[in-house]
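Step one of this worksheet: look at the structure below.
Chain A is the first sequence line, chain B the second, and so forth, proteins listed ahead of strands; every chain is numbered from 1. Side chains are part of it too, since the values below use all heavy atoms of this structure and drop only hydrogens, waters and symmetry mates.
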2 protein chains.
Amino acid sequence: MLGTDFFMELSNRGIQPSIQRAKILEFLWKERIHPTADDIFDHLHHEIPTLSRTTVYNTVKLFTEHNILQPLVIEDKEIRYDIDTSLHGHFKCESCGNIFDFKADNEGSAGIRELEGFQIRERHIYFKGLCSSCSNLK
Amino acid sequence: MLGTDFFMELSNRGIQPSIQRAKILEFLWKERIHPTADDIFDHLHHEIPTLSRTTVYNTVKLFTEHNILQPLVIEDKEIRYDIDTSLHGHFKCESCGNIFDFKADNEGSAGIRELEGFQIRERHIYFKGLCSSCSNLK
DNA sequence: GTAATTATTTGTAATGATTACACATTTGTA
DNA sequence: TACAAATGTGTAATCATTACAAATAATTAC
């Protein structure tokens, strides 16, 4: 997905393109900040003054169904969206609120005795604490 | 914490005991079902007809501050509470909704290059999918 | 190319778990 | 027993998300 043809990219993924969808995809792709639906709205409604919050919610739902996005539930009352759908961990800094990705050695399902016979569909790993910048400020 | 003296147990943990607090602790201790605040309320308001939802919310907050409970954020719109505050994983079955504990080999903070200099305060691991019972029903 | 059909977007209203708050009740203490 | 502090209660507010119906845009059939 290089360049700026997010329209094309949507088509390729079997999604009917629209300006709203392309802009939302572009934002997610370029700024990899695990935004909430509201973050997306706040950022784009200058560019698309008619944009509706509902459209953002509809779109992230659509993208999630097409596996373009992975919803992150770390805090109650905010769903964040990660355009990297691969398995990795997330660290949320309790001070600055930023989210950092980290490689999670996926021990996988194998070896977990309690989950024998279970079908695992999603794996989530998240840590909380202070990022290094915020640690140093203390 | 054996027997039924949850009053005593609260005192030992530096919490002023009350009937409400003792009953909530008892419920959490005996039924290890990772309930929501509402689950706790639903179960106890027969026994304590005057029980208020707010009391349940206040109490789980208090218990959390005293490290008696660990809040689990797995789905948006529901905070569940686990009386086992040790590090372990949670599996939520998407069919029956039950939550299962599993041992999570804590690779710990060590070895995660991206988190060097970070202060990790909480680790959460949760999976979703179908438990073995629900898998077999298909 | 135009009309008809379908998909997408929009704005407002509803939802529902959690929190705020003010008042009532209970408990501990002098 | 009386007073002060802590705890519990019920109602109202909050706020992210969802439901829904009307408006707009895009696609298809002719």
Return the value, rounded to whole Å, for the distance between atom [atom1] of [X] and atom [atom2] of [N].
X	N	atom1	atom2	answer
B/Ile24	D/dT7	CD1	P	13 Å
B/Phe63	D/dT7	CZ	P	11 Å
B/Asn58	C/dA17	CG	C1'	15 Å
A/Gln20	C/dG11	CD	P	11 Å
A/Ile48	C/dG11	CD1	C1'	16 Å
A/Leu44	C/dT9	CG	P	13 Å
A/Glu75	C/dT18	CD	C1'	14 Å
B/Leu62	D/dA6	CG	C1'	12 Å

*Do side-chain atoms of A/Glu114 reach the backbone of B/Lys103 as a donor and acceptor pair under 3.5 angstrom?*
yes
*Please step through side chain to side chain contact (heavy atoms under 4.5 Å, CB included) for the pair B/Arg123 and A/Lys128, ending with a clear verdict.*
CA-CA 7 Å; B/Arg123 279 177 248 271; A/Lys128 291 192 199 175; over 6 Å; no
*Below 4.0 angstrom from OP1 or OP2 of D/dG8, is there any side-chain N or O of B/Ser52?*
no
*asked:* Below the 4.0 Å mark, does C/dT9 have OP1 or OP2 next to a side-chain nitrogen or oxygen of A/Ser18?
replied: yes
*What are the two closest heavy atoms between B/Asp82 and B/Asp101, and how far apart are they?*
OD2-OD1, 3.8 Å
_B/Asn67 to B/Arg13 - nearest heavy-atom pair and separation_ = O-NH1, 4.5 Å
*For residues 76-101 of chain A, pull every pair meeting ring-ring contact (aromatic ring centres under 6.0 Å, His included), keeping only residues two or more places apart or in separate chains.*
A/His34-A/His90, A/His88-A/His90, A/Phe91-B/Phe118, A/Phe100-B/Phe118
_Complement of C/dT18, any strand, by Watson-Crick or G-U distances under 3.5 angstrom_ = D/dA13
*Would you call the rings of A/Phe127 and A/Phe102 parallel, tilted or perpendicular if under 30° counts as parallel and over 60° as perpendicular?*
tilted
_Which residue lies more 5' along DNA chain D, comparing B/Ile15 with A/Gln16 via nearest heavy atoms_ = B/Ile15
What does the list of N/O pairs under 3.5 Å between the protein and nucleotides 16-18 of chain D look like, with a distance for each?
residue	atom	partner	partner atom	Å
D/dT17	OP1	A/Ile79	N	2.9
D/dT17	OP2	A/Tyr57	OH	2.6

